[in-house]
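All remarks here apply to the structure that follows.
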Amino acid sequence: MTPSHNAQSSSRSCLAIVLAAGEGTRMKSARPKVLHQVANRSMLGHVLATLAQAGATSTAVVIGPDCEDVAKEVQKISSQARIFVQKDRLGTAHAVLSARESLAQPADDVIIAFGDTPLILPETFTKLRAPLAEGAAVVAMGFEAKDPTGYGRFITEGNELLAIREHRDASEVERLITLCNGGLMAIRGDLALTLLDRVENKNAKGEYYLTDIVEIARSLGHRMAIAVVSEEEVHGVNDRAQLAAAERMIQDRLRQAAMASGVTLIAPETVFFSHDTRLGQDVVVEPHVVFGPGVVVEEGAVIHSFSHLEGAQIASAAGVGPFARLRPGAAIGPKAKVGNFVEIKNTELGAGAKVSHLTYLGDASVGAEANIGAGTITCNYDGFAKHRTEIGEGAFIGSNSSLVAPISIGKGAFVGSGSVITENIPDDALGLGRGRQTIKEGWAILFRDKAQAAKRK
Amino acid sequence: MTPSHNAQSSSRSCLAIVLAAGEGTRMKSARPKVLHQVANRSMLGHVLATLAQAGATSTAVVIGPDCEDVAKEVQKISSQARIFVQKDRLGTAHAVLSARESLAQPADDVIIAFGDTPLILPETFTKLRAPLAEGAAVVAMGFEAKDPTGYGRFITEGNELLAIREHRDASEVERLITLCNGGLMAIRGDLALTLLDRVENKNAKGEYYLTDIVEIARSLGHRMAIAVVSEEEVHGVNDRAQLAAAERMIQDRLRQAAMASGVTLIAPETVFFSHDTRLGQDVVVEPHVVFGPGVVVEEGAVIHSFSHLEGAQIASAAGVGPFARLRPGAAIGPKAKVGNFVEIKNTELGAGAKVSHLTYLGDASVGAEANIGAGTITCNYDGFAKHRTEIGEGAFIGSNSSLVAPISIGKGAFVGSGSVITENIPDDALGLGRGRQTIKEGWAILFRDKAQAAKRK
Amino acid sequence: MTPSHNAQSSSRSCLAIVLAAGEGTRMKSARPKVLHQVANRSMLGHVLATLAQAGATSTAVVIGPDCEDVAKEVQKISSQARIFVQKDRLGTAHAVLSARESLAQPADDVIIAFGDTPLILPETFTKLRAPLAEGAAVVAMGFEAKDPTGYGRFITEGNELLAIREHRDASEVERLITLCNGGLMAIRGDLALTLLDRVENKNAKGEYYLTDIVEIARSLGHRMAIAVVSEEEVHGVNDRAQLAAAERMIQDRLRQAAMASGVTLIAPETVFFSHDTRLGQDVVVEPHVVFGPGVVVEEGAVIHSFSHLEGAQIASAAGVGPFARLRPGAAIGPKAKVGNFVEIKNTELGAGAKVSHLTYLGDASVGAEANIGAGTITCNYDGFAKHRTEIGEGAFIGSNSSLVAPISIGKGAFVGSGSVITENIPDDALGLGRGRQTIKEGWAILFRDKAQAAKRK
């Protein structure tokens, strides 16, 4: 459901430098800021994936010191990316220059992106780069701010960008400007190091600001360009409320995309997708459903309320829930039914099979049209290893049975209700494993008398 | 909770023609558009039910070719309705004329309604018809559009409607008009065929437009009238996002009506009703609850979070959930309690009975004050037929028991925990059916050694 | 997460009179209005708790006749509060005078508060009292109304309050005033009785209005002051829709406070807190979670979707849910895991212990690193009394077992899957209690033939 983008097949090479070294103290978190997630992927992961879609030919990520977790995430998402550590946090230009080795290699375009703006779209990077091909030296990304307070303002003359003025340095008239700095920049590759090396730190904070290259480039006679993006796309995340806002925006995108593709979301605001959820036409998702990563739902399947799916495949016309939990490796066959209070993990369910209630299936395969009774448990773990359960086509597992794996139940076989099954059952056989019933007449009368007498004491 | 409407007991007969033949291609669905549901009833079903409430004396539904499902839905909701097939889709007037046979019969008023506007209220149809009784030939339904772009505009002179101008044909001045065409029309029955037969298809699309009858009627010297309705009521559904918007609006109505009648909805936006949900005074519905069709909850009952109810009756002061699933035929007695991870289907639960946890009761009856232990399963299905379980008043079913139906547990009887019960238990008796416990001292030490050795290999 | 407030350590004593006698007929409820809850505490409870935080030195609550439940709630929240019954409902001043005995005792400041405005913050009471210390006789609390229709208007001259004009008595010009009466008042203690006794009931309704003391005090030459508060804080609750609105506002406060303290709420609008929920830094709460009263979650724990917690302690880095129900007395140890369809009540779970699926643990203690298999049930109730289950460190309870309490499972012991355990198991032993399995070859073929033959009949 991710909006697709065919990267303009540009002949120009492109180095993307992603700044991901910010401390994020306002997050109040032991976790580095860029690893906080939206739609079940780290913010940094979103930016890296978007850059790949946008046709970046090489990537450099600038991370803070002691951030092995960030380095791992980079490698997971983008194995060819180079990682640079910014030892001291001396400003954005300083951060970019941490990737000096990458900058020293020839690339037609250089993009500066940020690890905490997960909403950016691939076509926006394409738009940002476009003016470089037409001769601009630097392209700055602006947005029309609803409330510009706090943002750097774009000082322009016609279409020409003269400078980016920080809020605190802006005059009263300049503060009326609503076209603000979105942070992203594109720089001509052959000029990037020259411009960056001229940035100075003669300011109140003693930091090297990336925005200074606008005036530097102009002073060298270069042409500056502006690209404009929606405020939403450059929404940056600095605290948990902004993280929740980013989540809401990305969920809204995913919901709109699902509905546009022919999926019914009865109450879109109560359904939560992962970045990679894939839903076929005429899928219906009822209110209150959560999709973890890696879920594919095929045409016409219905996901009922209060279901939680992760790493699961649901084939066409299957029914899941309400109150179903599908965990990684669950593969639900066509027209199969998974009912309430059922957990399925690492298990294939054949076409038309039914697991209607209060069941745990783990490390199992269930044949087509088999019926798994209420309260069935695959006892797949012995405290040390996991074992498999094989249930044949058309088998009928009586309610409240325990299937002690490794175990095999044959095709068309029956298991008597309440059995503990420890030995394989051949095709078409009945397996029973339960105590014989006894009845003690009048027992309850005595018990009640005794219990009430005990209470009186 | 549906807002009630006493149809003005008019002496005038009324034919309602419902147009339900639209293809709905923007829905991207194998299902005909008018069968998509809001509040668990098809959009067409809503319109038909509303027309019946509004006092329509006969109904004709115009459906597309190869739409047996639509015909079935019409018959389900309104068995006396006549169904007409529009073979070619040549415009709204052409669609209305598909019901020529109905139009040829005498009716004082003719209403034209649409199968994809499920939010219309019965009093609106009454308002639409009123001017006919006062001599108007045609009444057109308008609404004040927040953004009129795309809608037909009402060209008026004083209170008189001169014409309905399509957006594309409107002048710049006309486009400033915000009173727009809501689609619904009422026509004097004796004029309807005359007017409709004069509609021509001399326009860009070569279609017969219903709106043309305004100018035709005027040219014949008839008086036109306007009725005005809120934009919400004429919200039409053409894609899944509009379907979700219709759902939201109808849910908001149902929630407001529930609260106005003395129901507490702690978080109304997380509670989803069906069109026919009925809730008594001082019912409390906690956050995150879904009501399927056919639910009645009586005074003072509490529906806890994460509950899913369908076709269920809940008596006064009962408690349901959290995490309860009530399916059709569940009848929960006064002050009875249904707890977490419990599914109840086709089962009466007596007054004060308790089913607190992890239980499936299907095709059963449970006496008053009985206690059903955690993990109890009624084994009601043998792979071919369903069987009943009868549990007497004050019985106590020990935890994790399997009751293999058909089976009867007497009044005041006990079932020992973990039993499989296959024979009836008399009143006040104890039934036990489980293996005898054995203990193997030191077994775990050997097992762990072996398992760890196996792992080392 | 309640925003903390250090009551200004004022040397002035303060009597708070809380009016809680309103009938609340628009609630359509058998329950007195002030006992309806927001964030799982009665509205009256919120006001009393806030007054205590604000430094009230004595409290009087005026309740209606036959309202024992209200009296009980007062005693529960604020045992030293005095309760007065207003026998006839003759207006707000009459209600205040029902507490004449309290007013007759010396207090520097008197606050009049209302039992149906649960959103008021302690600092607002402090602000309301402040002008008294500077010589004002009466302080009225105003707010800027978005829509002032229906509210009393503050008639002012400069900073001076001249009168409070009811909407119906206001001139057209006065109706343009948007500074409206929020109801709350502070009165100099030595003047309170004097002023209140002069209020007359010469008005259309024949009631004694508290607002009249403004003009009375002025006529006696006293200085009046105004304090101003947000409209949200004085939101009063008169029907269920306003109750839902109050709930939404208080939930938004609790959510913002949680996020500001370093908690991730993926979808804040789907998470419902109680007034006293406490969450540590880096706690993650997934979508769709409900917190009942008395929950503490420590640093780094994750509460997965569809979880319902009440009276539970969750230690650091523990994982709960999805689909977990924690009831009062659940104490989840560090790094312990509670999985889906698990209910835990009055049970300590040791560090690193796992209860992954479909389990009920009641009145139990589980040692560190123990593993409780799917479908395990503690049979803690025999119909009359509750009994305890003790499970030792590192024990392994096989799936679908029934532990019949009182029972003890030793350290490192194993229970075989599907067992009913009725006798204690020593450390490191294996306990088994299940029937032996038998197999009937070909049984299913005969059964199917028979069942199908029966169906054909």
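Order of the sequence lines sets the chain letters (A, B, ...), proteins ahead of strands, with each chain counted from 1. Computed from heavy atoms alone, side chains included, the values below leave out hydrogens, waters and symmetry copies.
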Exercise. Under 3.5 Å, side chain of Arg325(A) to main-chain N/O of Gly339(C), donor-acceptor pair present?
Worked result: no
Seminar exercise, completed: Under 4.5 Å to a heavy atom of chain A? For Leu265(C) that would be backbone
Exercise. Is the Phe384(C) to Phe447(A) ring centre distance short of 6.0 Å?
Worked result: yes
Problem set entry | Contact origin within Val415(A) toward chain C - heavy atom pairs under 4.5 Å | neither
For this session: To the nearest 0.5 Å, tell me how far His288(C) NE2 sits from Phe272(A) CZ.
Result: 5.0 Å
Exercise. So, Arg240(A) side chain and Gly262(C) main chain: donor-acceptor pair closer than 3.5 Å or not?
Worked result: yes
Problem set entry | Closest non-hydrogen atom pair, Glu269(A) against Glu269(C) | O-OE2, 4.4 Å
For this session: Could you tell me whether a side-chain N or O of Gln281(C) sits under 3.5 Å from a main-chain N or O of Lys28(A), the two making a donor and an acceptor?
Result: yes
Exercise. Taking only residues two or more places apart in sequence or in another chain, which ones pass salt bridge (Lys or Arg N to Asp or Glu O under 4.0 Å) with Asp363(A)?
Worked result: Lys345(A)
For this session: Select, from Thr376(A), Leu243(A), Val404(A), Val342(A), the one with the greatest count of heavy-atom pairs under 4.5 Å involving chain C.
Result: Val342(A)
Exercise. Where the side chain of Asp282(C) meets the backbone of Ala30(A), is there a donor-acceptor pair that is under 3.5 Å apart?
Worked result: yes
Seminar exercise, completed: The ring-ring contact (aromatic ring centres under 6.0 Å, His included) partner of Phe341(C) among Phe323(A), Tyr360(A), Phe341(A) is Phe341(A)
Exercise. Can you check whether Glu423(A)'s main-chain N or O pairs, donor with acceptor, with Gln437(C)'s side chain at less than 3.5 Å?
Worked result: yes
Exercise. Which pair of heavy atoms, one from Gly412(A) and one from Arg448(C), lies closest together, and at what distance?
Worked result: O-NH1, 3.0 Å
Exercise. Out of curiosity, Leu446(C) CG to Leu430(A) CG, how far, rounded to the nearest 0.5 Å?
Worked result: 10.5 Å
For this session: Against chain A, label Glu299(C) side chain, backbone, both or neither, depending on which of its atoms sit under 4.5 Å from a heavy atom there.
Result: neither
Exercise. Is a donor on one side and an acceptor on the other found under 3.5 Å between the side chain of Glu247(A) and the backbone of Ile266(C)?
Worked result: no
For this session: Under 4.5 Å, counting heavy-atom pairs only, tell me which of Gly435(A), Ala454(A), Gly431(A), Ser29(A) racks up the most with chain C.
Result: Ser29(A)
Problem set entry | Rounded distance [0.5 Å steps], CG in Asn371(C) versus OH in Tyr381(A) | 6.0 Å
Problem set entry | Atom group of Ala395(A) that falls short of 4.5 Å from chain C, counting heavy atoms | neither
Exercise. So which part of Arg436(C) gets closer than 4.5 Å to some heavy atom of chain A, the side chain, the backbone, both or neither?
Worked result: backbone
Problem set entry | Part of Thr438(C) within contact of chain A (heavy atom distance under 4.5 Å) | both
